[in-house]
Enquirer: 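Okay, here's the structure, questions in a sec.
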Amino acid sequence: QVMVRARTKKVGYAKASVLQAAMEAVVYLSSVSYDGSVYAVHAFGDVGDVLPVGYEEGANRLIHTINVTVTIRQIS
């Protein structure tokens, strides 16, 4: 799940939409680093719609999410 925070619904939706489009266009075997390891991204599948969740607890920001299935392989 990808979460996006923004001060307004319009900005949050726009940010999440850009990420959604990027996930749908990802190039086979792109690499991603996380927590000292490198992963090969084989595919983003089942990229969902941008979903408004509501306000972040304790902050004045809205949250939007995108649910997605990702196939990866650790390469280092």
Side-chain angles (χ1 to χ4, degrees):
Q1 185 175 62
V2 177
M3 297 183 80
V4 175
R5 299 180 301 184
R7 297 245 180 244
T8 68
K9 185 176 182 177
K10 183 177 179 179
V11 170
Y13 188 87
K15 287 180 177 181
S17 293
V18 168
L19 289 171
Q20 180 188 35
M23 286 186 284
E24 290 173 341
V26 71
V27 177
Y28 178 69
L29 292 182
S30 297
S31 63
V32 176
S33 297
Y34 176 74
D35 199 25
S37 298
V38 179
Y39 300 87
V41 177
H42 290 274
F44 283 106
D46 301 324
V47 178
D49 293 330
V50 176
L51 304 172
V53 175
Y55 282 93
E56 180 180 18
E57 189 174 324
N60 191 22
R61 294 184 289 196
L62 291 159
I63 299 173
H64 291 77
T65 65
I66 303 167
N67 294 317
V68 61
T69 303
V70 183
T71 305
I72 62 172
R73 177 178 51 92
Q74 186 173 358
I75 55 178
S76 71

Enquirer: Among residues at least two apart in sequence or on other chains, which ones pass side chain to side chain donor-acceptor pair (under 3.5 Å) with Glu57?
Expert: none
Enquirer: Please name the pair of heavy atoms, one in Pro52 and one in His64, separated by the smallest distance, quoted to 0.1 Å.
Expert: CA-CD2, 3.8 Å
Enquirer: Cut-off 3.5 Å, no hydrogens considered: what does the side-chain donor-acceptor table look like for residues 2-16, sequence neighbours left out?
Expert:
{"unit_1": "Arg5", "atom_1": "NH1", "unit_2": "Glu56", "atom_2": "OE2", "d": "3.0"}
{"unit_1": "Thr8", "atom_1": "OG1", "unit_2": "Val11", "atom_2": "N", "d": "3.2"}

Enquirer: Do Val70 and Val32 share a hydrophobic cluster, counting only Ile, Leu, Val, Met, Phe, Trp and Tyr and linking them when any side-chain heavy atoms are less than 4.5 Å apart?
Expert: yes
Enquirer: Output all residues satisfying side chain to side chain donor-acceptor pair (under 3.5 Å) with Thr69, sequence neighbours left out; order by chain, then residue number.
Expert: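 With neighbours one apart ignored, the set is empty.
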Enquirer: Mind checking the OH-CD1 spacing from Tyr34 to Ile72? Nearest 0.5 Å is all I need.
Expert: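 Those atoms lie 10.5 Å apart.
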Enquirer: Hey, any chance Leu19 and Ile63 share a hydrophobic cluster, counting ILVMFWY side chains that come within less than 4.5 Å of each other, even indirectly?
Expert: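 In one cluster: no.
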Enquirer: To the nearest 0.5 Å, tell me how far Arg73 CZ sits from Ser31 OG.
Expert: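 It is 11.0 Å, given to the nearest 0.5 Å.
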Enquirer: Linking Ile, Leu, Val, Met, Phe, Trp and Tyr through side-chain heavy atoms less than 4.5 Å apart, which residues share a cluster with Val38?
Expert: Ile75
Enquirer: Step by step, work out the side-chain contact (heavy atoms from CB on, under 4.5 Å) result for Leu51 and Ile66.
Expert: CA-CA 6 Å; Leu51 304 172; Ile66 303 167; over 6 Å; no
Enquirer: Which hydrophobic side chains are connected to Tyr55, either touching it within the sub-4.5 Å cutoff or through other members that do?
Expert: Leu62
